[in-house]
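The structure appears right after this line, and notes come after that.
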Amino acid sequence: MIPLVKTGLPNPDILMPALEKVLYSGYIAQGTVVDEFENKFSDYVENKFSVSVNSGTAALHIALILAGVKKGDEVISTPLTAEPTNTAISQTGAKIVWADIDLKTGNICPKDVEKKITSKTKAIMVVDYAGIPVDIDAFQTIERKYNTPVIQDAAHALGAKFAGQKLGNHFRFTTFSFQAIKHMTTIDGGMVCFKNEDDYEKAKLIRWFGLDKTKTRQKNDITIQGYKYHMNNVNAQIGIVQLNRIHELVDPYIENGKFYDQELKGVKGVELIEYYPKSEPSYWLYTLKVENRDMFISKLAEKGIMASELHKRNDSHSIFSNSKTSLPSLDIFSKKMVHIPCGWWVTKEERQKIVNVIKNGW
Ligand SMILES: *Cc1c(COP(=O)(O)O)cnc(C)c1O
(Lines give C-alpha, C1' and ligand atoms only; values in the text may rest on other atoms or scores of the structure.)
Protein backbone atom coordinates (compact mmCIF):
# COMPACT_ATOMS: atom_id res chain seq x y z
CA MET A 1 0.00 0.00 0.00
CA ILE A 2 1.38 3.47 -0.88
CA PRO A 3 0.96 5.28 2.44
CA LEU A 4 -0.52 8.74 2.90
CA VAL A 5 2.07 9.83 5.46
CA LYS A 6 5.52 8.52 6.30
CA THR A 7 8.38 9.19 8.71
CA GLY A 8 11.47 10.49 6.88
CA LEU A 9 14.77 10.01 8.71
CA PRO A 10 18.27 10.61 7.33
CA ASN A 11 20.50 7.79 6.11
CA PRO A 12 21.84 5.94 9.22
CA ASP A 13 25.45 6.29 7.96
CA ILE A 14 25.08 10.03 8.41
CA LEU A 15 22.64 10.22 11.31
CA MET A 16 24.07 7.63 13.70
CA PRO A 17 27.62 9.04 14.11
CA ALA A 18 26.17 12.53 14.66
CA LEU A 19 23.70 11.15 17.22
CA GLU A 20 26.31 9.04 18.99
CA LYS A 21 28.53 12.08 19.32
CA VAL A 22 25.87 14.15 21.06
CA LEU A 23 24.49 11.26 23.16
CA TYR A 24 27.87 10.62 24.82
CA SER A 25 29.07 14.23 24.82
CA GLY A 26 28.02 14.72 28.43
CA TYR A 27 25.56 17.44 27.35
CA ILE A 28 22.18 16.19 26.14
CA ALA A 29 19.99 18.98 27.59
CA GLN A 30 19.45 22.35 25.87
CA GLY A 31 22.90 23.59 24.84
CA THR A 32 24.90 24.80 21.88
CA VAL A 33 23.50 22.11 19.55
CA VAL A 34 20.05 23.64 20.07
CA ASP A 35 21.48 27.08 19.21
CA GLU A 36 23.03 25.66 16.05
CA PHE A 37 19.75 24.03 15.02
CA GLU A 38 17.88 27.28 15.60
CA ASN A 39 20.41 29.24 13.56
CA LYS A 40 20.15 26.79 10.69
CA PHE A 41 16.36 26.92 10.81
CA SER A 42 16.46 30.73 10.95
CA ASP A 43 18.55 30.70 7.77
CA TYR A 44 16.07 28.35 6.10
CA VAL A 45 12.97 30.45 6.82
CA GLU A 46 14.96 33.71 6.76
CA ASN A 47 13.72 34.87 10.15
CA LYS A 48 16.33 35.31 12.87
CA PHE A 49 13.67 35.43 15.61
CA SER A 50 13.05 31.66 15.75
CA VAL A 51 12.81 29.75 19.04
CA SER A 52 12.88 25.94 19.14
CA VAL A 53 10.66 23.98 21.52
CA ASN A 54 9.80 20.33 22.21
CA SER A 55 6.57 20.23 20.16
CA GLY A 56 4.38 22.17 17.76
CA THR A 57 1.79 22.30 20.54
CA ALA A 58 4.28 24.01 22.87
CA ALA A 59 5.02 26.51 20.06
CA LEU A 60 1.29 27.29 19.78
CA HIS A 61 0.94 27.64 23.55
CA ILE A 62 3.83 30.12 23.72
CA ALA A 63 2.30 32.18 20.89
CA LEU A 64 -1.07 32.22 22.69
CA ILE A 65 0.57 33.31 25.98
CA LEU A 66 2.45 36.12 24.23
CA ALA A 67 -0.75 37.20 22.47
CA GLY A 68 -2.12 37.68 25.99
CA VAL A 69 -4.81 35.01 25.66
CA LYS A 70 -6.35 34.14 29.03
CA LYS A 71 -9.41 32.47 30.53
CA GLY A 72 -12.59 34.21 29.40
CA ASP A 73 -11.05 35.58 26.18
CA GLU A 74 -12.01 34.46 22.69
CA VAL A 75 -9.77 33.04 19.97
CA ILE A 76 -11.16 32.65 16.46
CA SER A 77 -10.03 29.39 14.86
CA THR A 78 -10.67 26.80 12.19
CA PRO A 79 -12.22 23.39 12.79
CA LEU A 80 -10.46 21.91 9.75
CA THR A 81 -7.08 21.03 11.26
CA ALA A 82 -5.32 18.55 13.51
CA GLU A 83 -6.68 18.73 17.08
CA PRO A 84 -3.58 20.29 18.75
CA THR A 85 -4.34 23.63 17.03
CA ASN A 86 -7.49 23.83 19.10
CA THR A 87 -6.52 21.95 22.28
CA ALA A 88 -3.71 24.50 22.61
CA ILE A 89 -6.39 27.23 22.69
CA SER A 90 -8.61 25.40 25.19
CA GLN A 91 -5.53 24.83 27.36
CA THR A 92 -5.43 28.61 28.00
CA GLY A 93 -9.05 28.63 29.20
CA ALA A 94 -10.11 30.84 26.28
CA LYS A 95 -13.24 30.13 24.29
CA ILE A 96 -12.83 28.97 20.71
CA VAL A 97 -15.01 30.81 18.20
CA TRP A 98 -15.22 28.84 14.96
CA ALA A 99 -14.97 30.60 11.66
CA ASP A 100 -16.15 28.83 8.53
CA ILE A 101 -13.76 27.77 5.80
CA ASP A 102 -13.36 28.97 2.25
CA LEU A 103 -15.00 26.30 0.11
CA LYS A 104 -12.38 26.73 -2.64
CA THR A 105 -9.36 26.04 -0.41
CA GLY A 106 -10.45 24.42 2.86
CA ASN A 107 -8.68 27.20 4.76
CA ILE A 108 -10.22 29.53 7.32
CA CYS A 109 -12.26 32.25 5.58
CA PRO A 110 -11.10 35.84 6.29
CA LYS A 111 -14.58 37.31 5.67
CA ASP A 112 -16.14 35.00 8.24
CA VAL A 113 -13.33 35.72 10.71
CA GLU A 114 -14.00 39.44 10.40
CA LYS A 115 -17.71 38.88 11.19
CA LYS A 116 -16.78 37.05 14.37
CA ILE A 117 -14.35 39.56 15.87
CA THR A 118 -15.63 41.00 19.18
CA SER A 119 -14.09 43.03 22.00
CA LYS A 120 -13.12 39.68 23.60
CA THR A 121 -11.11 38.45 20.58
CA LYS A 122 -7.46 38.19 21.67
CA ALA A 123 -6.00 36.22 18.75
CA ILE A 124 -6.85 34.68 15.39
CA MET A 125 -5.55 31.18 14.71
CA VAL A 126 -5.08 30.31 11.05
CA VAL A 127 -3.87 26.97 9.67
CA ASP A 128 -2.29 26.38 6.26
CA TYR A 129 -4.25 23.21 5.91
CA ALA A 130 -2.50 20.40 4.00
CA GLY A 131 0.32 22.83 3.17
CA ILE A 132 -1.81 25.38 1.29
CA PRO A 133 -1.03 28.91 2.55
CA VAL A 134 -4.01 30.78 3.99
CA ASP A 135 -5.15 34.06 2.40
CA ILE A 136 -2.11 35.90 3.78
CA ASP A 137 -2.98 39.26 2.18
CA ALA A 138 -6.42 39.28 3.80
CA PHE A 139 -5.21 38.13 7.22
CA GLN A 140 -2.37 40.67 7.29
CA THR A 141 -4.99 43.36 6.70
CA ILE A 142 -7.14 41.96 9.53
CA GLU A 143 -4.15 41.76 11.90
CA ARG A 144 -3.43 45.46 11.26
CA LYS A 145 -7.01 46.74 11.12
CA TYR A 146 -8.14 45.16 14.41
CA ASN A 147 -4.73 45.23 16.09
CA THR A 148 -5.28 41.55 16.89
CA PRO A 149 -2.41 39.10 16.49
CA VAL A 150 -2.62 36.30 13.97
CA ILE A 151 -1.05 32.98 14.95
CA GLN A 152 -0.20 31.04 11.82
CA ASP A 153 -0.08 27.31 12.59
CA ALA A 154 2.17 26.26 9.70
CA ALA A 155 2.67 22.69 10.94
CA HIS A 156 1.60 21.45 7.48
CA ALA A 157 3.39 24.10 5.50
CA LEU A 158 7.15 24.02 6.04
CA GLY A 159 8.76 25.42 2.88
CA ALA A 160 5.55 26.95 1.51
CA LYS A 161 5.85 30.54 0.27
CA PHE A 162 3.92 33.74 -0.12
CA ALA A 163 5.16 36.47 -2.49
CA GLY A 164 8.41 34.54 -2.85
CA GLN A 165 9.10 34.44 0.89
CA LYS A 166 8.87 31.32 3.07
CA LEU A 167 6.19 31.10 5.74
CA GLY A 168 7.58 32.15 9.11
CA ASN A 169 7.68 35.87 8.31
CA HIS A 170 4.14 37.04 7.63
CA PHE A 171 2.41 37.37 10.99
CA ARG A 172 3.34 38.21 14.58
CA PHE A 173 3.53 34.46 15.26
CA THR A 174 4.19 31.43 13.03
CA THR A 175 4.57 27.93 14.44
CA PHE A 176 5.99 24.70 13.01
CA SER A 177 5.94 21.06 14.16
CA PHE A 178 8.70 18.45 13.73
CA GLN A 179 6.52 15.54 14.88
CA ALA A 180 7.05 12.09 13.33
CA ILE A 181 5.06 12.53 10.10
CA LYS A 182 5.56 16.20 9.25
CA HIS A 183 7.74 17.37 6.31
CA MET A 184 10.77 17.33 8.62
CA THR A 185 10.89 15.33 11.84
CA THR A 186 13.21 15.64 14.83
CA ILE A 187 11.20 12.74 16.43
CA ASP A 188 9.31 15.49 18.29
CA GLY A 189 9.90 19.20 18.25
CA GLY A 190 8.59 22.56 17.16
CA MET A 191 9.55 26.13 16.34
CA VAL A 192 7.90 29.47 16.91
CA CYS A 193 8.92 32.40 14.69
CA PHE A 194 8.31 36.03 15.60
CA LYS A 195 8.19 39.45 14.00
CA ASN A 196 9.17 41.30 17.18
CA GLU A 197 12.37 40.93 19.14
CA ASP A 198 10.46 41.45 22.39
CA ASP A 199 8.27 38.36 21.77
CA TYR A 200 11.39 36.42 20.80
CA GLU A 201 13.19 37.27 24.05
CA LYS A 202 10.15 36.43 26.19
CA ALA A 203 9.64 33.11 24.38
CA LYS A 204 13.16 32.03 25.36
CA LEU A 205 12.21 32.52 29.02
CA ILE A 206 8.81 30.83 28.75
CA ARG A 207 10.27 27.68 27.19
CA TRP A 208 12.54 27.13 30.21
CA PHE A 209 10.49 27.69 33.40
CA GLY A 210 10.85 31.47 33.06
CA LEU A 211 14.59 31.19 33.72
CA ASP A 212 17.17 33.15 31.73
CA LYS A 213 19.78 30.70 30.39
CA THR A 214 22.36 33.44 29.94
CA LYS A 215 22.57 34.08 33.72
CA THR A 216 23.48 31.81 36.63
CA ARG A 217 20.68 30.47 38.81
CA GLN A 218 21.75 32.81 41.62
CA LYS A 219 21.41 35.85 39.34
CA ASN A 220 18.03 34.68 37.98
CA ASP A 221 14.68 36.03 39.13
CA ILE A 222 11.59 34.45 37.56
CA THR A 223 9.10 37.14 36.57
CA ILE A 224 7.02 35.26 34.00
CA GLN A 225 5.24 31.87 34.20
CA GLY A 226 7.33 29.40 32.21
CA TYR A 227 7.07 25.77 31.18
CA LYS A 228 9.34 22.86 30.31
CA TYR A 229 9.02 23.42 26.59
CA HIS A 230 12.66 23.65 25.47
CA MET A 231 14.23 21.42 22.85
CA ASN A 232 17.22 19.24 23.85
CA ASN A 233 20.55 18.67 22.08
CA VAL A 234 19.57 15.18 20.91
CA ASN A 235 16.47 16.25 18.98
CA ALA A 236 18.34 19.34 17.78
CA GLN A 237 21.14 17.15 16.38
CA ILE A 238 18.57 15.20 14.37
CA GLY A 239 17.18 18.54 13.21
CA ILE A 240 20.60 19.72 12.02
CA VAL A 241 21.13 16.56 9.96
CA GLN A 242 17.60 16.93 8.56
CA LEU A 243 18.14 20.58 7.60
CA ASN A 244 21.31 19.58 5.73
CA ARG A 245 19.04 17.66 3.34
CA ILE A 246 15.87 19.71 3.66
CA HIS A 247 15.40 19.85 -0.13
CA GLU A 248 15.20 16.05 -0.29
CA LEU A 249 12.38 16.26 2.24
CA VAL A 250 10.32 19.21 1.01
CA ASP A 251 10.87 19.39 -2.77
CA PRO A 252 9.26 16.04 -3.70
CA TYR A 253 5.99 17.03 -2.01
CA ILE A 254 5.95 20.17 -4.17
CA GLU A 255 6.88 18.36 -7.39
CA ASN A 256 4.27 15.67 -6.84
CA GLY A 257 1.67 18.27 -5.85
CA LYS A 258 2.25 20.24 -9.06
CA PHE A 259 2.07 17.03 -11.08
CA TYR A 260 -1.38 16.24 -9.62
CA ASP A 261 -2.50 19.85 -10.20
CA GLN A 262 -1.80 19.37 -13.92
CA GLU A 263 -2.82 15.78 -14.43
CA LEU A 264 -6.07 15.83 -12.44
CA LYS A 265 -7.38 19.08 -13.92
CA GLY A 266 -10.75 18.48 -15.55
CA VAL A 267 -10.99 14.82 -14.50
CA LYS A 268 -14.61 13.74 -14.07
CA GLY A 269 -15.84 13.60 -10.45
CA VAL A 270 -12.79 15.48 -9.11
CA GLU A 271 -12.67 19.08 -7.91
CA LEU A 272 -9.23 20.53 -7.26
CA ILE A 273 -8.26 22.87 -4.45
CA GLU A 274 -7.53 26.46 -5.47
CA TYR A 275 -4.59 28.51 -4.21
CA TYR A 276 -4.54 32.19 -3.23
CA PRO A 277 -2.61 34.59 -5.45
CA LYS A 278 1.17 34.77 -4.83
CA SER A 279 1.10 31.60 -2.70
CA GLU A 280 3.19 28.48 -3.29
CA PRO A 281 1.93 25.43 -1.35
CA SER A 282 4.23 22.75 0.07
CA TYR A 283 1.51 20.07 -0.28
CA TRP A 284 1.98 18.11 2.96
CA LEU A 285 -1.18 16.33 1.85
CA TYR A 286 -2.73 16.45 -1.59
CA THR A 287 -6.40 17.26 -1.08
CA LEU A 288 -9.21 16.64 -3.57
CA LYS A 289 -12.96 17.03 -3.39
CA VAL A 290 -14.71 13.97 -4.77
CA GLU A 291 -18.21 12.59 -5.16
CA ASN A 292 -18.84 9.18 -3.52
CA ARG A 293 -15.82 9.43 -1.26
CA ASP A 294 -16.21 5.98 0.30
CA MET A 295 -16.19 4.38 -3.15
CA PHE A 296 -13.17 6.48 -4.13
CA ILE A 297 -11.24 5.33 -1.05
CA SER A 298 -12.06 1.66 -1.56
CA LYS A 299 -11.24 1.79 -5.28
CA LEU A 300 -7.80 3.25 -4.51
CA ALA A 301 -7.25 0.74 -1.67
CA GLU A 302 -8.01 -2.07 -4.11
CA LYS A 303 -5.13 -0.77 -6.26
CA GLY A 304 -2.72 -0.50 -3.33
CA ILE A 305 -3.10 3.26 -2.74
CA MET A 306 -4.06 4.73 0.57
CA ALA A 307 -6.54 7.62 0.48
CA SER A 308 -8.27 9.09 3.49
CA GLU A 309 -9.87 12.22 4.94
CA LEU A 310 -7.29 11.90 7.78
CA HIS A 311 -8.67 14.65 10.01
CA LYS A 312 -11.98 14.89 11.82
CA ARG A 313 -13.69 18.27 11.91
CA ASN A 314 -12.67 19.55 15.33
CA ASP A 315 -16.04 21.13 16.14
CA SER A 316 -17.52 17.63 16.52
CA HIS A 317 -15.45 16.88 19.66
CA SER A 318 -17.42 17.07 22.93
CA ILE A 319 -14.74 19.21 24.59
CA PHE A 320 -15.51 22.00 22.11
CA SER A 321 -19.31 21.68 22.31
CA ASN A 322 -19.84 25.16 23.79
CA SER A 323 -18.39 26.63 20.57
CA LYS A 324 -20.94 24.88 18.33
CA THR A 325 -22.14 27.04 15.44
CA SER A 326 -23.38 26.69 11.90
CA LEU A 327 -20.55 26.24 9.33
CA PRO A 328 -22.22 25.64 5.97
CA SER A 329 -19.07 25.60 3.81
CA LEU A 330 -17.33 23.15 6.13
CA ASP A 331 -20.43 20.91 5.98
CA ILE A 332 -20.00 20.66 2.20
CA PHE A 333 -16.19 20.46 2.15
CA SER A 334 -15.83 17.85 4.89
CA LYS A 335 -18.21 15.48 3.09
CA LYS A 336 -16.14 15.54 -0.09
CA MET A 337 -12.53 16.01 0.96
CA VAL A 338 -9.98 13.25 0.62
CA HIS A 339 -6.18 13.13 0.56
CA ILE A 340 -3.94 11.08 -1.74
CA PRO A 341 -0.22 10.19 -1.24
CA CYS A 342 2.08 13.04 -2.26
CA GLY A 343 5.33 12.89 -0.25
CA TRP A 344 8.96 12.00 -1.04
CA TRP A 345 8.20 8.26 -0.97
CA VAL A 346 5.83 8.48 -3.96
CA THR A 347 7.81 7.63 -7.09
CA LYS A 348 7.16 9.00 -10.59
CA GLU A 349 5.67 5.62 -11.59
CA GLU A 350 3.45 5.57 -8.51
CA ARG A 351 2.10 9.07 -8.98
CA GLN A 352 1.29 8.24 -12.61
CA LYS A 353 -0.47 5.08 -11.44
CA ILE A 354 -2.49 7.11 -8.90
CA VAL A 355 -3.59 9.50 -11.67
CA ASN A 356 -4.50 6.60 -13.96
CA VAL A 357 -6.59 4.89 -11.29
CA ILE A 358 -8.48 8.13 -10.58
CA LYS A 359 -9.03 8.78 -14.32
CA ASN A 360 -10.55 5.31 -14.66
CA GLY A 361 -13.34 6.31 -12.25
CA TRP A 362 -14.73 4.71 -9.10
C1 LIG B 1 1.14 18.18 14.09
C2 LIG B 1 0.32 19.41 14.25
C3 LIG B 1 0.37 20.19 15.41
C4 LIG B 1 1.06 19.78 16.65
O5 LIG B 1 2.33 19.48 16.58
P6 LIG B 1 3.04 18.52 17.66
O7 LIG B 1 4.48 18.72 17.32
O8 LIG B 1 2.54 17.13 17.45
O9 LIG B 1 2.71 19.06 19.02
C10 LIG B 1 -0.33 21.38 15.43
N11 LIG B 1 -1.08 21.77 14.39
C12 LIG B 1 -1.19 21.03 13.28
C13 LIG B 1 -2.02 21.54 12.15
C14 LIG B 1 -0.51 19.82 13.18
O15 LIG B 1 -0.65 19.08 12.08
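For clarity, every value in this text was computed on a predicted model and none was experimentally measured. When a ligand or atom number is given, it counts from 1 through the structure's own listing order.
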What are the atoms of ligand 1, with element, lying closer than 4.0 Å to any heavy atom of T81?
13 (C)
Atom 3 (C) of ligand 1: nearest protein contact (heavy atom, Å):
P84 CG, 3.6 Å
In the protein, which heavy atom is nearest to atom 15 (O) of ligand 1, and how far is it?
H156 NE2, 2.8 Å
Is the closest side-chain donor-acceptor distance between Y275 and D261 under 3.5 Å?
yes
T85 neighbourhood, listing ligand 1 atoms whose heavy-atom distance to it stays under 4.0 Å
11 (N), 12 (C), 13 (C)
Can you name the nearest heavy-atom pair linking A154 to L167, along with the distance?
CB-CD1, 4.3 Å
Could an N or O of ligand 1 be found under 3.5 Å from any N or O of G56, whether backbone or side chain?
yes
At what distance is the nearest protein heavy atom to atom 9 (O) of ligand 1, and which residue and atom is it?
T57 OG1, 2.5 Å
Plane angle bin for F320 and W98 - parallel if under 30°, tilted between 30 and 60°, otherwise perpendicular
perpendicular
Electrostatic pair D331-R313, nearest N-O below 4.0 angstrom:
yes
of all protein heavy atoms, closest to atom 11 (N) of ligand 1 is D153 OD2, 2.7 Å
Do the ring planes of H311 and W284 sit parallel (below 30°), tilted (30 to 60°) or perpendicular (above 60°)?
tilted
I'd like to know if the side chain of Q237 pairs up with that of N233 as donor and acceptor (distance under 3.5 Å, no hydrogens or angles considered).
no
Could you check atom 5 (O) of ligand 1 against the protein and tell me its nearest heavy-atom contact, residue, atom and distance included?
S177 OG, 3.1 Å
Could you tell me whether E201 and K204 have a side-chain N and a carboxylate O separated by less than 4.0 Å?
yes
Distance under 4.0 Å to a non-hydrogen atom of A155: what atoms of ligand 1 satisfy this?
2 (C), 11 (N), 12 (C), 13 (C), 14 (C), 15 (O)
Within 4.0 Å of some non-hydrogen atom of G189, the atoms of ligand 1 are 7 (O)
Nearest candidate to atom 14 (C) of ligand 1, where distance is taken over non-hydrogen atoms, out of Q179, E83, K182
K182
Has K115 got more than 12 heavy atoms of other residues, nucleotides or ligands less than 6.0 Å from its NZ?
no
